[in-house]
Every structure is written in C-alpha cells, then in structure tokens.
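Here the structure is laid out as structure tokens; the discussion comes afterwards.
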Amino acid sequence: MNRLAPSVDAWLERGVPLAAVRRTLTSGLPEDPIKHPAAFLAHRLTTLLPPPLPAAPPPLSPHRPAPLQTCDGCDRAFRAPQPGRCRDCRTSASAA
C-alpha cells in the first residue's frame, strides 16, 4: 500500500478524481488470476497516468478605464488619464 500511495498522489495532483483512479485500476481486469496484484496496480498507475493539465493562465489584471475628465474648453466629459481638452476642442485648436 505504501508503495502505491505516491503514484496515486501523482494522479490526484493532476486533477483526476478519486473515482476515476478507482475505475482505471479496477476496470478491464484480466480473466486469469493476477499473481502480483500490487505490481499490477503499480504498472497501471504508471502507464495510464494522464498528462499534466496545462498551466492555468495568469490572472487578468483588472483594467480600469481612464477616469472622466471635464474638458477645459467646452465642459464636456471625456475619459483621459489627465485633465485637458476633449478631442473636438483639440482638433479645432490644432486646425486654427
């Protein structure tokens, strides 16, 4: 039993439910008597070990929109990191 525990732990660390481990070890058993049951289970645990799950993506950083600012030229609200003029006021000032 102590010999099989690390192999079972490897399955559980990969996110396999205990019921699935049990099913893998007990389904499709040979009809002939098994001479070395522990060795048989150890073989199944190593050869049928599922691949590791892909790494979880890093958590998304909460992106906050720029705060609302009041345009210095027309008092219109617009989003920008710094106070200043809205797009229309900047465009008309650069056209003049």
Side-chain angles (χ1 to χ4, degrees):
M1 186 66 153
N2 292 334
R3 185 175 113 189
L4 299 176
S7 298
V8 173
D9 284 341
W11 281 65
L12 299 176
E13 288 171 0
R14 294 187 180 192
V16 178
L18 189 56
V21 176
R22 186 180 307 118
R23 187 174 46 249
T24 301
L25 295 176
T26 59
S27 65
L29 295 174
E31 291 184 23
D32 297 333
I34 300 171
K35 294 180 183 178
H36 304 286
F40 177 79
L41 294 177
H43 174 74
R44 280 197 168 189
L45 286 169
T46 54
T47 58
L48 301 176
L49 180 65
L53 294 174
L60 298 175
S61 62
H63 175 68
R64 299 178 105 179
L68 286 172
Q69 308 289 345
T70 303
C71 177
D72 294 337
C74 67
D75 286 335
R76 182 185 302 164
F78 67 102
R79 290 200 180 272
Q82 313 268 325
R85 293 184 176 263
C86 68
R87 181 178 6 179
D88 292 341
C89 289
R90 285 191 311 256
T91 305
S92 63
S94 65

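All values below were derived from every heavy atom in this structure, side-chain atoms included, with hydrogens, water molecules and symmetry-related copies excluded.
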Within the side chain of Arg90, is there an N or O that forms a donor-acceptor pair under 3.5 Å with the backbone of Arg85?
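Yes; at least one donor-acceptor contact below 3.5 Å.
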If you compare all heavy atoms of Phe40 against all heavy atoms of Pro30, which two are closest, and at what distance to 0.1 Å?
CZ-CD, 3.7 Å
Note: Leu4 and Ala38 closest approach over all heavy atoms is CD2-O, 3.7 Å
Side-chain donor/acceptor pairs under 3.5 Å, residues 64-76, sequence neighbours excluded:
| from | atom 1 | to | atom 2 | distance (Å) |
| --- | --- | --- | --- | --- |
| Gln69 | NE2 | Ala80 | O | 3.1 |
| Arg76 | NH1 | Asp88 | OD2 | 2.5 |
| Arg76 | NH2 | Asp88 | OD2 | 3.3 |

What residue pairs, at least two apart or across chains, pass side-chain hydrogen bond (donor to acceptor under 3.5 Å, both in side chains) with a residue in residues 20-33?
none
Going by side-chain hydrogen bond (donor to acceptor under 3.5 Å, both in side chains), name the pairs with one or both residues in residues 43-55, residues two or more places apart or in two chains.
none
For Pro54, enumerate each residue passing the side chain to side chain contact (heavy atoms under 4.5 Å, CB included) test, keeping only those at least two apart in sequence or located in another chain.
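Once residues adjacent in sequence are excluded, Pro54 has no partner under the side chain to side chain contact (heavy atoms under 4.5 Å, CB included) criterion.
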Listed pairs under 3.5 Å, donor-acceptor, residues 9-19 side chains, sequence neighbours left out:
| from | atom 1 | to | atom 2 | distance (Å) |
| --- | --- | --- | --- | --- |
| Trp11 | NE1 | Leu45 | O | 2.9 |
| Arg14 | NH1 | Pro50 | O | 2.4 |

